[in-house]
Amino acid sequence: MGTVVDTANKEANGSSLSEKKVTVVFVLGGPGSGKGTQCENIVRHFGYTHLSAGDLLRAEIKSGSENGTMIQNMIKDGKIVPSEVTIKLLQRAMLESSNDKFLIDGFPRNEENRAVFESVTGIEPEFVLFLDCPKEEMERRLLGRNQVRQMFFPIEKTILLLSSQLHYPFLLCYVKGREDDNIDTIRKRFKVYMESSLPVIEYYNSKGKVRKILLCFLLQIDAAKTVEEVFEAVKAVFTKMNPVEFNIELKRGKKDMLPRCCTSLGNFFAAYYDTTISGVFRARPVRSHVSYDCDRGLI
Ligand SMILES: Nc1ncnc2c1ncn2[C@@H]1O[C@H](COP(=O)(O)OP(=O)(O)OP(=O)(O)O)[C@@H](O)[C@H]1O
Ligand SMILES: Nc1ccn([C@@H]2O[C@H](COP(=O)(O)O)[C@@H](O)[C@H]2O)c(=O)n1
């Protein structure tokens, strides 16, 4: 008998994810680090489809599903919803999409999410984009997120006015925004992030899959990077996403020859792995449009 996730894997259009070859990038970072904001930019520039695990869960609550109340309680408490539920939603969204490139935002959130996703779908992420943001900045952003909604959305602003002037506090429930953007739940979400989500990032880091973006300038107070500054760094990661492998024989087998390899291959390579594995090293192209007809060389 198949599991719930097996069923989801088949039901969208009769096909399964293993038949549909997909590229997946996980976008991770603490609550409010700006994952959703950067995903919107990546979608525009690089043609990915953005799947936010949190948004899919919130949509499931609204749909009146039998799991709705359980999901709502978990989110209110900052807890992680059982993997089977979230993975089913992700699988369905991937199967229903005509795209084959996905940004999965806010997933995997814990070791169970990661292991079940990989075993059920057979998908390993291309890489993990990790937005590394100080806690104080994330807290400021989350608390600000609801205020922004209240200040700029005209209907919400009107309801706010009515609720205060006519003393109808119940109207406030229409302008609250995300129920988990309150200080109590935010603290719980930070705890879950530190205890359960960071180990997943460490796991992928040990496999060389993490591309970390620092969201604040180092050694500066109040030095959070703007959305545009962060996206410049994100763009560089996606532009250089496909490493090119060269079989380069190093005459003297010395690591310090590698920068010269890069230079002699036309200055197209900004970075390289400084380890040689039986004479092979990988270089990342600076310009994505360059074509590589030289994949062998003797330096
Ligand atoms: N670089 C930035 N500088 C200042 N504010 C930002 C920046 N990036 C995002 N924000 C703002 O911070 C808030 C949180 O951003 P966003 O919703 O993208 O975070 P998130 O990581 O997806 O959050 P969550 O984990 O809760 O889903 C939003 O109000 C957004 O406009
Ligand atoms: N893999 C996940 C992702 C999210 N959740 C729950 O949703 C809440 C909001 O998530 P955001 O990514 O939108 O911040 C989160 O606090 C969890 O309760 C989950 O369970 N599993």
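Both ligands and their constituent atoms are indexed starting at 1 by order of listing. Computed from a predicted model, the values in this text were never measured in an experiment. Here, residue 1 is the first one in the sequence, and each next residue gets the next number.
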S.K.: Closer than 4.0 angstrom, basic N to acidic O: yes or no for Asp100 and Lys21?
M.R.: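 Looking at Lys21 together with Asp100, the answer is no, because their closest N to O distance does not fall below 4.0 Å.
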S.K.: Quick one: which of Thr37, Thr226, Asp55, Ile186 has a heavy atom closest to atom 18 (O) of ligand 1?
M.R.: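 Heavy atom nearest to atom 18 (O) of ligand 1 belongs to Thr37.
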S.K.: Can an N or O of Arg189 be found at a distance shorter than 3.5 Å from an N or O of ligand 1?
M.R.: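 Yes, at least one N or O pair falls under 3.5 Å.
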S.K.: Considering both backbone and side-chain atoms of Thr86, is one of its nitrogen or oxygen atoms within less than 3.5 Å of a nitrogen or oxygen in ligand 2?
M.R.: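 No; the residue has no nitrogen or oxygen that sits under 3.5 Å from a nitrogen or oxygen of the ligand.
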S.K.: Starting from atom 17 (C) of ligand 2, locate the nearest protein heavy atom and write down its residue, its atom name and how far away it is, to 0.1 Å.
M.R.: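 So the nearest neighbour among protein heavy atoms is Lys79 O, 3.3 Å.
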S.K.: Which residue owns the protein heavy atom closest to atom 15 (C) of ligand 2, what's the atom, and how far is it?
M.R.: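 Its nearest protein heavy-atom neighbour is Arg109 NH2, 3.4 Å.
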S.K.: Can you tell me how far apart CD (Gln72) and CD (Glu179) are? Round to the nearest 0.5 Å.
M.R.: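 Reported value, rounded in 0.5 Å steps: 5.5 Å.
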S.K.: Is it true that Glu124 and Lys209 have a side-chain N and a carboxylate O under 4.0 angstrom from each other?
M.R.: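 Salt bridge: yes.
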S.K.: For ligand 1, find out whether one of its N or O atoms is nearer than 3.5 Å to an N or O atom of Val230.
M.R.: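 No, Val230 has no N/O under 3.5 Å of an N/O on ligand 1.
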S.K.: Of all the non-hydrogen atoms in the protein, which one sits nearest to atom 20 (O) of ligand 2, and at what distance?
M.R.: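 The protein heavy atom lying closest is Val81 N, 2.6 Å.
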S.K.: Which residue in the set Arg187, Arg145, Arg189, Lys188 passes salt bridge (Lys or Arg N to Asp or Glu O under 4.0 Å) when paired with Asp180?
M.R.: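 Answer after filtering Arg187, Arg145, Arg189, Lys188: Arg189.
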S.K.: Any idea which atoms of ligand 1 are less than 4.0 Å away from a heavy-atom of Gly36?
M.R.: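 What qualifies from ligand 1 is 18 (O), 20 (P), 22 (O).
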S.K.: Could you find the nearest protein heavy atom to atom 19 (C) of ligand 2 and give me its residue, atom name and distance?
M.R.: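 Residue, atom and distance for the closest contact: Leu57 CD1, 3.5 Å.
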S.K.: To the nearest 0.5 Å, what is the distance between CD on Glu139 and CD1 on Ile183?
M.R.: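 Output value for this atom pair is 3.5 Å.
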S.K.: Looking at ligand 1, does any of its N/O atoms fall within less than 3.5 Å of an N/O of Pro31?
M.R.: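 No, no N or O pair falls under 3.5 Å.
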S.K.: Within the 4.0 Å heavy-atom shell around Gly32, which atoms of ligand 1 are there?
M.R.: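 Atoms satisfying the 4.0 Å criterion: 14 (C), 19 (O), 20 (P), 21 (O), 23 (O), 24 (P), 25 (O), 26 (O).
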S.K.: Could an N or O of ligand 1 be found under 3.5 Å from any N or O of Leu142, whether backbone or side chain?
M.R.: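 Min N/O separation from ligand 1 is not below 3.5 Å for Leu142.
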S.K.: List the steps, then state whether ring pair (Phe, Tyr, Trp, His ring centres under 6.0 Å) holds for Phe238 with Phe231.
M.R.: CA-CA 10 Å; Phe238 279 83; Phe231 189 57; 8.3 Å; no
S.K.: Heavy atoms only: give me the nearest Val200-Pro108 pair and the separation to one decimal.
M.R.: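 Heavy atoms only, the tightest pair is CG1-CG, 3.8 Å.
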S.K.: Any idea which heavy atoms bring Leu28 and Gly106 closest together, and the distance?
M.R.: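 What the structure gives for the nearest pair is CD2-C, 4.2 Å.
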S.K.: So which bit of Lys225 gets within less than 4.0 Å of ligand 1, heavy atoms only: side chain, backbone, both or neither?
M.R.: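 Answer for Lys225: backbone.
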S.K.: Counting both backbone and side chain atoms, is some N or O of Ser33 under 3.5 Å from an N or O of ligand 1?
M.R.: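 Between Ser33 and ligand 1, an N or O pair is found under 3.5 Å apart.
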S.K.: Taking the six-membered ring for Trp, is the centroid-to-centroid distance between Phe130 and Tyr204 below 6.0 Å?
M.R.: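 No; Tyr204 has its ring centre 6.0 Å or more from that of Phe130.
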S.K.: Which of the numbered atoms in ligand 2 are below 4.0 angstrom from a heavy atom of Ile80?
M.R.: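 Contacts of ligand 2 toward Ile80, numbered from 1: 20 (O), 21 (N).
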S.K.: Tell me whether Lys62 contacts the main-chain N or O of Gly68 through its side chain, where contact means a donor paired with an acceptor under 3.5 Å.
M.R.: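 Pair absent, no side-chain N/O of Lys62 close to backbone of Gly68.
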S.K.: Indicate yes or no: does an N/O atom of Lys35 lie under 3.5 Å from an N/O atom of ligand 1?
M.R.: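 For ligand 1, there is an N or O atom that lies under 3.5 Å from one belonging to Lys35.
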S.K.: Counting only heavy atoms not in Lys191, do more than 12 fall under 6.0 Å of its NZ?
M.R.: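 Not buried by this count: 12 neighbours or fewer within 6.0 Å.
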S.K.: Please work out whether any backbone atom (N, CA, C, O) or any side-chain heavy atom from C-beta onward of Asp77 is under 4.0 Å from ligand 2, and answer side chain, backbone, both or neither.
M.R.: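 No part of Asp77 is near ligand 2 at this cut-off.
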S.K.: For atom 8 (C) of ligand 2, grab the closest protein heavy atom and report residue, atom and distance to one decimal in Å.
M.R.: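 Going atom by atom, the protein heavy atom closest to atom 8 (C) of ligand 2 ends up being Ile75 CG1, 4.0 Å.
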S.K.: Answer with side chain, backbone, both or neither: which part of Arg178 has a heavy atom less than 4.0 angstrom from an atom of ligand 1?
M.R.: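 Answer for Arg178: side chain.
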S.K.: On a heavy-atom basis, which atom in Pro31 and which in Leu142 lie closest, and how many Å separate them?
M.R.: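 Taking every non-hydrogen atom into account, O-CD1, 3.6 Å.
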S.K.: Could you check which of Arg58, Arg178, Lys35 puts a non-hydrogen atom nearest to atom 14 (O) of ligand 2?
M.R.: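 Looking at heavy atoms only, Arg178 sits closest to atom 14 (O) of ligand 2.
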S.K.: When you look for heavy atoms under 4.0 Å from ligand 2, do you find them on the side chain of Asp180, its backbone, both, or neither?
M.R.: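 It is the side chain that gets close, since no backbone atom is under 4.0 Å.
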S.K.: Do Ser97 side-chain atoms and Met94 backbone N/O form a donor-acceptor pair below 3.5 Å?
M.R.: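 No: the side chain of Ser97 does not pair with the backbone of Met94.
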S.K.: Between Glu137 (side chain) and Pro134 (backbone), is there a donor-acceptor pair under 3.5 Å?
M.R.: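 No: the side chain of Glu137 does not pair with the backbone of Pro134.
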S.K.: Using distance alone, determine whether Gly106 and ligand 2 share an N or O pair under 3.5 Å.
M.R.: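 So ligand 2 has an N or O lying under 3.5 Å from an N or O of Gly106.
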S.K.: Please indicate whether any nitrogen or oxygen in Asn113 is less than 3.5 Å from any nitrogen or oxygen in ligand 2.
M.R.: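 By distance alone, the answer is yes.
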S.K.: Show the atoms of ligand 2 that are less than 4.0 angstrom away from any heavy atom in Gly54.
M.R.: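 In order of number, 10 (O), 13 (O).
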